[in-house]
Every structure is written in structure tokens, then in C-alpha cells.
Number of protein chains: 2
Amino acid sequence: MGDKQTRDHIVDAADRLFYENGYEHTSFAHIAESVKISRGNFYYHFRSKDEILDAVITLRLANTQRMLEQWEQEAQTPIERIRKFIDMLIVNQAPILRHGCPVGTLCTELAKLNHAGRAQANTLFTLFRAWLKRQFVALGRKSDADALAMHLLGRSQGVATLANALGDQRFVRREVQQLHTWLEQVVSIPSDSERKAKA
Amino acid sequence: MGDKQTRDHIVDAADRLFYENGYEHTSFAHIAESVKISRGNFYYHFRSKDEILDAVITLRLANTQRMLEQWEQEAQTPIERIRKFIDMLIVNQAPILRHGCPVGTLCTELAKLNHAGRAQANTLFTLFRAWLKRQFVALGRKSDADALAMHLLGRSQGVATLANALGDQRFVRREVQQLHTWLEQVVSIPSDSERKAKA
DNA sequence: GTCTATAAACCGATAGAC
DNA sequence: GTCTATCGGTTTATAGAC
């Protein structure tokens, strides 16, 4: 098996296992079993477990970037694009109920571990935050675009956390419905600061 | 040192360390160092680490119950009581920024570990949920009291998760302000189902 | 009740054969 | 590149002295 190929298999398996069982709880033995290689072979491709985490986050950043670009191609208006973000909670409902949000749960774990990779994991949030902010700016909400982006990020994190803990599907659907309603109101009603700017 | 006393010290230290560094990451050695006892002495008071977790959750349930009862004494109206819940995000802002929500982060971790104590940890959420539901019923929102309780729980979880990851104090204050505004609207505007019931 | 000593398993990481 | 064998450290948990 080629150099690149085995490395990619390791990162793919680690990506899945870190999501399903957590970073610390996932051992080399678990990944090795999934990839069908020996434990010693890891250290040809990576110098440490931290380096595998680094590669996993880099992979997730690339996948997220690609997804956001695809949303921009598929949806022409900012409101449609933000709807794609909200609907993630429905599209990925099954894995979210079982394992939570891949971004939120990783950041939460690395914060507890006070792990060096924490800052890099947070850039996953930043990627969504900057993308959402751009959409709200395009909606004419320049003055509070970042606050709206953070609000939406927080709302979706709350839904994922509670859905994962209590396993309530109806709660997810209800909250997604409310988020769509909230988005409609954001579009139709200008913010305080926008009105002040016009005055 | 008395039997009960040492046991309580162990549970108190474990409670704090589980919150600050996570359940799995906290070892007997860490707790022992904090309580100033030997590792072997644990097994006079507990049969396993799982049993310490059990005791910690039981302690948190009792503390939460006591806090909710105190809120009921301090605040006479349901809306004032719900405001106490929302203001938890301000009162506990410093620990939340550093370690997240004690309930949410524990449930998230135990879900990843597929740990037996998961169901018991979720009852911490249930305690808040049932209490909030009662307040919304008292506000005259009988038909959607549970949905409102879950919504508020989710919102606060999202704020805590994002605040912990990105360490944004202004975000917390802004979201708390919005939650108070949301609560005012809940009080002033009857729900769809309430209006249907009146028609 | 608390201690020391230690078992048994697992962890990340290394050395060296092929 | 991949393997086997193993090191050193940590983990939970036990045994037994005091």
C-alpha cells in the first residue's frame, strides 16, 4: 500500500473514531484495528498522537471549506445559503443524536484536556462564523453581521448538545423550524443599529 | 478523620476535578493529591471510579435541587424565577468561560464514552427541564411549557459551549440580554396553540 | 481508616528485523 | 513501508501491614 494511501486511511479512521468515541478515549490500538495495520506502523506516518489530531482537524477544515463553497454554488441568495446551514441539523440528524456536533464536542473535549490543539480546533468554528457573517452582510446587516453569525452558531450548538444528551428528534425539528422563522424576521426587520444609521 | 468526612472530601474534589479536567482525564492520583490521601484508601470508600462518578452526580442533583428551591423562595413570580435561570450564565460566567456548563460538558463526555452513568447525568437536565416547565405553566403557557423549557435549555447550552470554545464575554452578555427580551415576548404574546384554545 | 506495595492491563512511543 | 517485540509510564484495582 502506498505511503499516501495508508496515511489517509489512518486519518479517515481517526476522524471517525475521534468523533464517535472522543479523542482521549481513542487509542492507537482502536485506530490500528480499524485500518488493519500494526501499532508500530503509526510512527512511520506520524510522530505522535497529537500529530494525528492535527491531521484530523486539517482534514475537517478542508472538508468544511469545500462544503461551504458547495453551498455557495447550490444557493444563489444569502438567505438560501443560511438555510443550508440551519438544515445541517436535519441532514445530519442521526449522527448528531448519537455523537453530537463534530465541531462542538471536539472543542469541548480539548478545552477540558487543556490540549495544545485546542486553538486549531476552534478555527473550525471560525470558518463557519466568517462564512455566516459574510451571508448576513450580503443580507444588508453589516453592523451586526458577526453578532447574528454567533447567535446562529450558538443556537445550533445548543440544539446539538441537548439532542445528543436527551435524544429528542421532535425537539430538533421544532428548533430548526424556529430558526427558519428567526431568519425570516432578521431579513424583514432591520436591526436597532441599522435604524440608527438611517436616522 | 471520620468516615463520612473523608468520603465527602473525595466527592467534593472529584466534583471539581471532573468539571475542570473531565471525567476520564481525572485519575485517582489527581483526586488523591487534592484530598491528601493515598490512592489505596479510595477503595475503602468506593468500589470503583464509576461509583465516585455516581456519588458526584448524586451530589450535583442535590445541589441543583437546593438551588431551584432557593430560587423559588427568592423570587415570587414565575418570570422572575426564569430570569434567575437565565442569569446563571452571568453569575457563573468565569467558570463557564473556562470549563463550560457542568451539566452539558459531563453529558457530552459520557455520551462519547458510552458510559453507564450517562442516563443518570441526563437527569440533571431533566431537573432543570421540569422546573422550567412548571414556571412556564404558571405563566399560562400550559400547552407549550415543555417546548419553551427545552428551548431555553438549548439556548443556554449553546451560549455555554460557544463561550467556552471562543472565550467571548461580550457574546455571553449579548445572548443573555436577548434571552430576557425573548422571555418578555413569551409573556406578552400568547402561543399559536393558546390562541387556538381560546377560539 | 489509612497506609505501602504491587498486580494486571493499557497507554503512547521506540528499536530493529525484513 | 510494515512488521514484531518491547520499553517506560500510567491506569484502575487488590492485598495486606498497621
Side-chain angles (χ1 to χ4, degrees), chain A residues 1-58 106 109-110 112-118 120-121, chain B residues 1-58 106 109-110 112-118 120-121:
Chain A
M1 203 179 290
D3 190 341
K4 184 72 160 48
Q5 215 167 339
T6 301
R7 201 197 122 99
D8 287 351
H9 285 155
I10 292 172
V11 177
D12 284 347
D15 181 25
R16 186 176 51 80
L17 290 169
F18 289 173
Y19 176 44
E20 291 176 358
N21 308 321
Y23 169 69
E24 195 176 33
H25 192 62
T26 301
S27 69
F28 280 116
H30 294 135
I31 308 174
E33 192 187 15
S34 175
V35 186
K36 310 289 182 194
I37 60 168
S38 72
R39 266 160 294 157
N41 193 9
F42 277 105
Y43 295 88
Y44 174 79
H45 301 278
F46 301 95
R47 269 175 296 187
S48 68
K49 192 182 176 184
D50 289 1
E51 248 183 40
I52 300 184
L53 175 63
D54 196 278
V56 166
I57 297 175
T58 300
L106 181 64
E109 181 180 1
L110 296 184
K112 287 262 188 246
L113 303 182
N114 201 17
H115 192 282
R118 204 190 152 188
Q120 201 200 355
Chain B
M1 203 179 291
D3 189 342
K4 183 71 161 49
Q5 215 167 342
T6 301
R7 200 196 123 99
D8 286 351
H9 286 154
I10 292 172
V11 177
D12 284 347
D15 181 25
R16 186 176 52 80
L17 290 169
F18 289 173
Y19 176 44
E20 290 177 358
N21 310 116
Y23 169 70
E24 194 174 33
H25 192 62
T26 300
S27 69
F28 282 119
H30 294 135
I31 308 174
E33 193 188 13
S34 176
V35 187
K36 310 290 183 197
I37 61 168
S38 72
R39 269 159 290 154
N41 193 10
F42 277 105
Y43 294 88
Y44 173 77
H45 301 279
F46 301 95
R47 267 175 298 185
S48 67
K49 192 181 176 184
D50 289 1
E51 248 184 40
I52 299 183
L53 175 64
D54 197 277
V56 166
I57 298 175
T58 300
L106 181 64
E109 181 180 3
L110 296 184
K112 287 263 188 250
L113 303 183
N114 203 17
H115 192 283
R118 204 190 153 190
Q120 200 199 355

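Keep in mind it's a predicted model, so treat the numbers as computed, not measured. Naming: A, B, ... by sequence-line order, numbering from 1 per chain.
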Peer 1: What do you reckon, are the aromatic ring centroids of F28(A) and Y43(A) less than 6.0 Å apart?
Peer 2: yes
Peer 1: Determine, for nucleotides 9-18 of chain C in 5'-to-3' order, which nucleotides have protein heavy atoms under 4.0 Å from the base (write B), from only the sugar-phosphate (write S), or from neither (write -).
Peer 2: --SSBB----
Peer 1: Taking only side-chain N and O atoms of T6(A), does any of them lie within less than 4.0 angstrom of OP1 or OP2 on dT2(D)?
Peer 2: yes
Peer 1: Can you find a pair of side-chain heavy atoms, one from F42(A) and one from K49(A), that are under 4.5 Å apart?
Peer 2: no
Peer 1: What is the separation between atom NZ on K36(B) and atom P on dC3(C), rounded to the nearest whole Å?
Peer 2: 12 Å
Peer 1: Any residue in residues 15-22 of chain A with a heavy atom nearer than 4.0 angstrom to DNA chain C? Just list them by number, or reply none.
Peer 2: none
Peer 1: Within this structure, what is the NE2-to-P distance between H45(B) and dT14(D), rounded to whole angstrom?
Peer 2: 16 Å
Peer 1: Tell me the interatomic distance from R7(A), atom CZ, to dG1(D), atom C1', rounded to whole angstroms.
Peer 2: 15 Å
Peer 1: Quick one: which residue pairs count as a side-chain hydrogen bond (donor to acceptor under 3.5 Å, both in side chains) with a foot in residues 25-34 of chain B, not counting sequence neighbours?
Peer 2: E24(A)-H25(B), R16(B)-S34(B), S27(B)-H30(B)
Peer 1: What's the separation between atom CG in D15(A) and atom CD in E20(A), rounded to the nearest 0.5 Å?
Peer 2: 9.5 Å
Peer 1: Ignoring backbone atoms, test whether Y44(B) places a side-chain nitrogen or oxygen under 4.0 Å from the OP1 or OP2 oxygen of dG1(C).
Peer 2: yes
Peer 1: Can you name the salt bridge (Lys or Arg N to Asp or Glu O under 4.0 Å) partners of R118(B), sequence neighbours left out?
Peer 2: none
Peer 1: Under the ring pair (Phe, Tyr, Trp, His ring centres under 6.0 Å) test, which residues partner Y23(B), sequence neighbours left out?
Peer 2: F18(B), H115(B)
Peer 1: How long is the straight-line distance from CD of E51(A) back to CG of D54(A), given to the nearest 0.5 Å?
Peer 2: 7.0 Å
Peer 1: What is the distance from NE2 of H9(B) to P of dT2(C), rounded to the nearest Å?
Peer 2: 11 Å
Peer 1: Considering residues at least two apart in sequence or located in another chain, which fulfil the ring pair (Phe, Tyr, Trp, His ring centres under 6.0 Å) criterion with Y44(A)?
Peer 2: none
